[in-house]
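Here the structure is laid out as structure tokens; the discussion comes afterwards.
All values derive from a computational prediction rather than experimental measurement. Note: hydrogens, waters and symmetry copies are ignored here, and every other heavy atom, side chains too, is used.
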Amino acid sequence: MQYDHIVIRYGELTLKGRNRKLFTTQLAKNVRQALRNFPAIKVDKKRDRMYIVLNGEDPEAIMDRCQKIFGIQNMSVALKVENEETAIKEQALKLLTETENVRTFKVSTKRSNKEFPIGSQEFNQVLGGYLLSNIDGITVDVHQPDLEITVDIRSEATYLTSQKVPGAAGLPVGSSGKSLLLLSGGIDSPVAGYLTMKRGVQLEAIHFHSPPYTSERAKEKVLDLAEKLSFYGHSIKVHIVPFTALQQKIHREIPHGYSMTVMRRMMMRISEAVAEQEGILSLVTGESLGQVASQTMESMHAINAVTNYPVIRPLVAMDKDEIIRISEEIDMYDISIRPFEDCCTVFVPKQPKTKPKLEKVEQFEANIEFEPDIQEILSAIETVEIEAKDNQEEELGDLL
């Protein structure tokens, strides 16, 4: 069957009121960007649907790419037909006869164009009767058909579809502002970034790099994770922080039980400064309550006190198995478990405080001048912009 359109359905976006256009416009922008390697297509945005005019492009490859675009509830390949009874019947028969292994079918008509002369229920019977009389060996099954033919009669045309392919759902990336993800290179933070993007947030990332204790392979791992994340939205800036000297200073001068807490507080201070420079209004972390010493309620309180920025924690109520399952589903797990340490595993105290007291942390920090170190770090940050690569680009890269 030579389909000529893909119909994209919005899902959650249809619940939006007067600002719906902001969300659908962002989604259309994201779709065009994601499909930039399919030059013949045209994206046609409507209030409650979006249509991709294929113009001969491969619908399967386009559907595969669209499944990773947040804001799409589901989609279908479609045939566009004029709003005329005979034309609809002929194309529906063609759809039925050219679909393999069909013994039962069902017709579902949706008539948003009330000027079409036949009502939805009546047209189900008219079209169903026509199909039964023109093809042998098939019957109607309204409960579990092999093929459901959906007839969507709209003002400009009728669209015939036969299958809904689920999308990524959520909100279009870029419709809910921007946040800075603390991207460590482990399993948790990329999943936190993915879930935040699903709520329409555009990401930049910050990574704390401590050579020679952390290697270039560890940095490469983080950039690979950022590339995977960028596939779900926009390109991602990764701010790579030279953290070695400050980490060594914390290890020397802070009591070891509190060094992990102080290190995390310094990360938050630096992250807030970068966010402010970039016009970003919140931070994202991969913290899960009680998972490690720095993620107890007391630790989170002491660490969070150093910033006035909102801290988004999408994983806070998840256990490790749930996080791993999502990591595997989004194809990030194998990258995350590459055996290259990040700075959070460097200088780990043997007995870190699981219930640090904020007043003690502030007392320890008051005796040390950290501000010059932070300013030196901010002036030395390396920023890398990561663009999503589609399959065609990856194959070309392999050949080169």
Step-by-step salt bridge (charged side-chain N to carboxylate O under 4.0 Å, His left out) determination, D48 to R9 | CA-CA 7 Å; D48 55 354; R9 303 176 186 88; over 6 Å; no
Mind checking whether Y232 and F70 have parallel, tilted or perpendicular rings, split at 30° and 60°?
-> parallel
Kindly indicate, with the supporting measurements, whether the criterion salt bridge (charged side-chain N to carboxylate O under 4.0 Å, His left out) is fulfilled by E322 and R325.
-> CA-CA 5 Å; E322 292 174 291; R325 177 181 56 79; 5.4 Å; no
Basic-acidic side-chain contact under 4.0 Å: K94, E90 = no
Give a yes or no on whether E376 atom CD has more than 12 heavy-atom contacts from other residues, nucleotides or ligands under 6.0 Å away.
-> no
Around E276, counting heavy atoms of other residues, nucleotides and ligands shown, do more than 12 lie under 6.0 Å from its CD?
-> no
Step by step, work out the salt bridge (charged side-chain N to carboxylate O under 4.0 Å, His left out) result for R199 and E12.
-> CA-CA 11 Å; R199 299 312 304 156; E12 184 178 351; 2.8 Å; yes
When you look at R47 and Y10, which way does the side-chain hydrogen bond (donor to acceptor under 3.5 Å, both in side chains) test go after all the steps?
-> CA-CA 9 Å; R47 174 175 168 77; Y10 298 146; over 6 Å; no
Do the charged groups of R103 and D141 touch, with an N to O distance under 4.0 Å?
-> no
Quick check: are there more than 12 heavy atoms from other residues, nucleotides or ligands sitting under 6.0 Å from CD of E60?
-> no
Salt bridge check: are K42 and D44 linked by an N-O gap of less than 4.0 Å?
-> no
Can a salt bridge be assigned to the pair K249 and E369 using a cut-off of 4.0 Å between side-chain N and carboxylate O?
-> no
Residue list, salt bridge (Lys or Arg N to Asp or Glu O under 4.0 Å) with E98, at least two apart or on another chain | none
Just grab all the side chain to side chain donor-acceptor pair (under 3.5 Å) pairs involving residues 157-168, residues at least two apart or on different chains.
-> N83-T158, E156-Y159
Step through the shown structure and confirm whether more than 12 heavy atoms of other residues, nucleotides or ligands are within 6.0 Å of CD on Q144.
-> no
Residues clustered with V316, ILVMFWY side-chain links under 4.5 angstrom | L289, M297, M300
Show me the side-chain donor-acceptor pairs of residues 351-367 shorter than 3.5 Å, one per line, residues at least two apart or across chains.
{"from": "E365", "atom 1": "OE1", "to": "R265", "atom 2": "NH2", "distance (Å)": "3.1"}
{"from": "E365", "atom 1": "OE2", "to": "R265", "atom 2": "NE", "distance (Å)": "2.6"}
{"from": "N367", "atom 1": "ND2", "to": "Q363", "atom 2": "O", "distance (Å)": "3.3"}

Aromatic ring pairing F123/F116, orientation class (parallel under 30°, perpendicular over 60°, tilted between) = perpendicular
Quick note, side chain to side chain donor-acceptor pair (under 3.5 Å) partners involving residues 108-132, not counting sequence neighbours, are S108-E148, T109-N124
Run the ring-ring contact (aromatic ring centres under 6.0 Å, His included) check on F243 and Y213 step by step: do they pass?
-> CA-CA 10 Å; F243 201 47; Y213 305 104; over 10 Å; no
Scan side-chain atoms only and decide if R264 and S299 contain a donor-acceptor pair under the 3.5 Å cut-off.
-> no
If you measure from the Lys or Arg side-chain nitrogens to the Asp or Glu carboxylate oxygens, is any gap between E371 and R269 under 4.0 Å?
-> yes
Residue pair E385, K237: steps toward the salt bridge (charged side-chain N to carboxylate O under 4.0 Å, His left out) verdict | CA-CA 4 Å; E385 186 152 2; K237 284 184 183 178; 5.5 Å; no
Is atom CG of D58 surrounded by more than 12 heavy atoms (other residues, nucleotides or ligands) closer than 6.0 Å?
-> yes
Can you run down the side chain to side chain donor-acceptor pair (under 3.5 Å) pairs that involve residues 167-179, sequence neighbours left out, and say none if there aren't any?
-> K178-E204, S179-S282
Just by distance, with hydrogens left out, do S259 and H251 show a side-chain donor and acceptor under 3.5 Å apart?
-> no
